[in-house]
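Taking it in order: structure first as structure tokens, then the write-up.
These figures come from a predicted structure and were not determined experimentally. Here is how names work: the chains are called A, B, and so on, in the same order as the sequence lines, proteins then strands, and each is numbered from 1.
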Number of protein chains: 2
Amino acid sequence: MRAASASFRPVATRRAFEEITSQIRGRLARQALRAGDRLPPERELAGQFHVSRNTLREALRSLEIAGLLELRKGATGGAFIKEGGGAAAVAGLADLYHLGAIQPQHLTEARIVIGAEVARLACTRRTKEDLEALAANVAAAEAATLRGDVVQRAHVNYEFHRLLARAARNPVLIVITDALMEMTRHFVESIGYMPNRYVMSSRHRLIACLRAKDGAAAAKEMEGMLRRLQRFHLAAYGRRK
Amino acid sequence: MRAASASFRPVATRRAFEEITSQIRGRLARQALRAGDRLPPERELAGQFHVSRNTLREALRSLEIAGLLELRKGATGGAFIKEGGGAAAVAGLADLYHLGAIQPQHLTEARIVIGAEVARLACTRRTKEDLEALAANVAAAEAATLRGDVVQRAHVNYEFHRLLARAARNPVLIVITDALMEMTRHFVESIGYMPNRYVMSSRHRLIACLRAKDGAAAAKEMEGMLRRLQRFHLAAYGRRK
DNA sequence: AACTATAATTGGTTGAACCATTGATTTCAA
DNA sequence: TTGAAATCAATGGTTCAACCAATTATAGTT
């Protein structure tokens, strides 16, 4: 780190739309705007900011892409503050995968380390409802397996990890898990769906750990399952190349 | 999960700018566009897509916010494909923190579970250069401590975790770590900087683990340090409220 | 060769107009 | 009175034609 880097900051040729997004973000940060609130119509907002409607729209578009706003057409439409759902963060990571900055081996490795910790936490925090939802998910996966519906089975399996992350009650891990599953979905689509018997048996052992609130065992079970899956997936990926 | 949810998908009233971003994203995904490439000027692109320049600009703005493009003014300016840096994902998570969807206890907990695993991986993959950079960082932190420059010390400490994540050679964990540090920076600013002597002694033990490539010990050391930091931070946060 | 003035290129912004969708209001027949 | 259809109003989506501002290339001057 060079000494100068802390003293200087890039001269800000701030664009008009950036100033607008900055002001709106500020109101969000200090709770002056909350989820569900509606901003004034574009024409009126443009007047308040003293910019043209086009410039204002570029600002709204930025906030929409960032996942902060939702724009709805029609008489009761407008710009609504969105519930923070992490969609933008998920999309940002998915883009890195599509761009090749994140490779399959990185993805599978991250799943192992994150998944194991999610499983551990879920054990300590899961409610009865979480347990029921997870058990129902496993049942749905088995039904899809019996039907031979590999696509549906894959989606139900992604959902299992999402449910588990929600049971862990940590929004950071929820968003990360959602992002990992989104990337995994694309990855698996590219190498083709393949049945893997080991996954289902692991699910049952995992459910037992959750029921017993045995976090260490759950983490171990999840890690082992994901390591198998990793070998499986990367082998398929190697053949495809 | 209801059966219908898999069969229907929302009817797509796709906006023109979305069609454009989708086409450009497609080219990125299949490597027809690569980092550093320049798109044609706005006026020309608008013609190619048969849309007005304003609509095209909304599309470019979206891609810029998503971190995929960089727009530069001037004779040699234009829309350049950006190196995938994860800035958008980091901003997405930071927004969730600002919106209150991610609370300090979630943040500190996520740091513990991710940080420990990053430390473990870094041990197995760190190069000599990584080790040198980390040691230099620790020296810089001690120098800042001696000067009583708490702000600088805090920033050097965030940098330590970023360096460690890079030593772990997994871009997923790098982006996540960057996001956690960005959120931590805001959190610490809100509760005020406070010296914490334990951190520096932990750094030295961690460096020793890295030198010895002892991943298990490094993970344990990092977890312990972060747990202390968590208690420290959350206590300060509780007092502030 | 080095500096300066000029031109060309490109993104940034403006203003006015019209389109398309959505929901509320009114109308009118049963 | 009810209820369905026609109408209206509000709002985001798109277009067009300019002009502004920053940046670099280029020609001209010393």
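Here salt bridge (Lys or Arg N to Asp or Glu O under 4.0 Å) pairs that include residues 136-156 of chain B, with residues two or more places apart or in two chains, are Arg147(B)-Asp149(B). Residue pairs satisfying the salt bridge (Lys or Arg N to Asp or Glu O under 4.0 Å) criterion with at least one member in residues 49-64 of chain B, sequence neighbours excluded, are listed as follows: Arg15(A)-Glu64(B), Arg57(A)-Glu58(B), Glu58(A)-Arg57(B), Glu58(A)-Arg61(B), Arg61(A)-Glu58(B), Glu42(B)-Arg53(B), Glu42(B)-Arg57(B), Arg61(B)-Glu64(B). Sorted by first and then second residue, the ring pair (Phe, Tyr, Trp, His ring centres under 6.0 Å) pairs with a member in residues 36-89 of chain A form an empty list; sequence neighbours excluded. Pairs passing the salt bridge (Lys or Arg N to Asp or Glu O under 4.0 Å) check and including a residue from residues 168-177 of chain B, sequence neighbours excluded, read Asp130(B)-Arg169(B).
For His98(B), the ring-ring contact (aromatic ring centres under 6.0 Å, His included) test picks out His186(B), with sequence neighbours left out.
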> What is the per-nucleotide protein-contact pattern of nucleotides 6-14 of chain C, from the 5' end, where B denotes a base atom under 4.0 Å from a protein heavy atom, S denotes such proximity for sugar-phosphate atoms only, and - denotes neither?
Replying inline: ---BBBBBB

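For the helix from dA1(C)-dT30(D) to dA30(C)-dT1(D), the rotation axes defined at the first and last 5 base pairs enclose an angle of 0°, given to the nearest 10°.
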Distance-only donor-acceptor hits, side chain of residues 28-41 of chain B, under 3.5 Å, sequence neighbours excluded:
{"from": "Asp37(B)", "atom 1": "OD2", "to": "Arg34(B)", "atom 2": "N", "distance (Å)": "2.9"}
{"from": "Arg38(B)", "atom 1": "NH1", "to": "Gly77(B)", "atom 2": "O", "distance (Å)": "2.9"}

Please set out all donor-acceptor pairs under 3.5 angstrom arising from side-chain atoms of residues 170-180 of chain A, sequence neighbours excluded.
{"from": "Asn170(A)", "atom 1": "OD1", "to": "Val172(A)", "atom 2": "N", "distance (Å)": "2.9"}
{"from": "Asn170(A)", "atom 1": "OD1", "to": "Leu173(A)", "atom 2": "N", "distance (Å)": "3.4"}
{"from": "Asn170(A)", "atom 1": "ND2", "to": "His106(B)", "atom 2": "O", "distance (Å)": "3.1"}
{"from": "Asn170(A)", "atom 1": "ND2", "to": "Glu109(B)", "atom 2": "OE2", "distance (Å)": "2.9"}
{"from": "Thr177(A)", "atom 1": "OG1", "to": "Leu173(A)", "atom 2": "O", "distance (Å)": "2.7"}
{"from": "Asp178(A)", "atom 1": "OD1", "to": "Arg166(A)", "atom 2": "NH1", "distance (Å)": "3.3"}
{"from": "Asp178(A)", "atom 1": "OD2", "to": "Arg166(A)", "atom 2": "NH2", "distance (Å)": "2.9"}

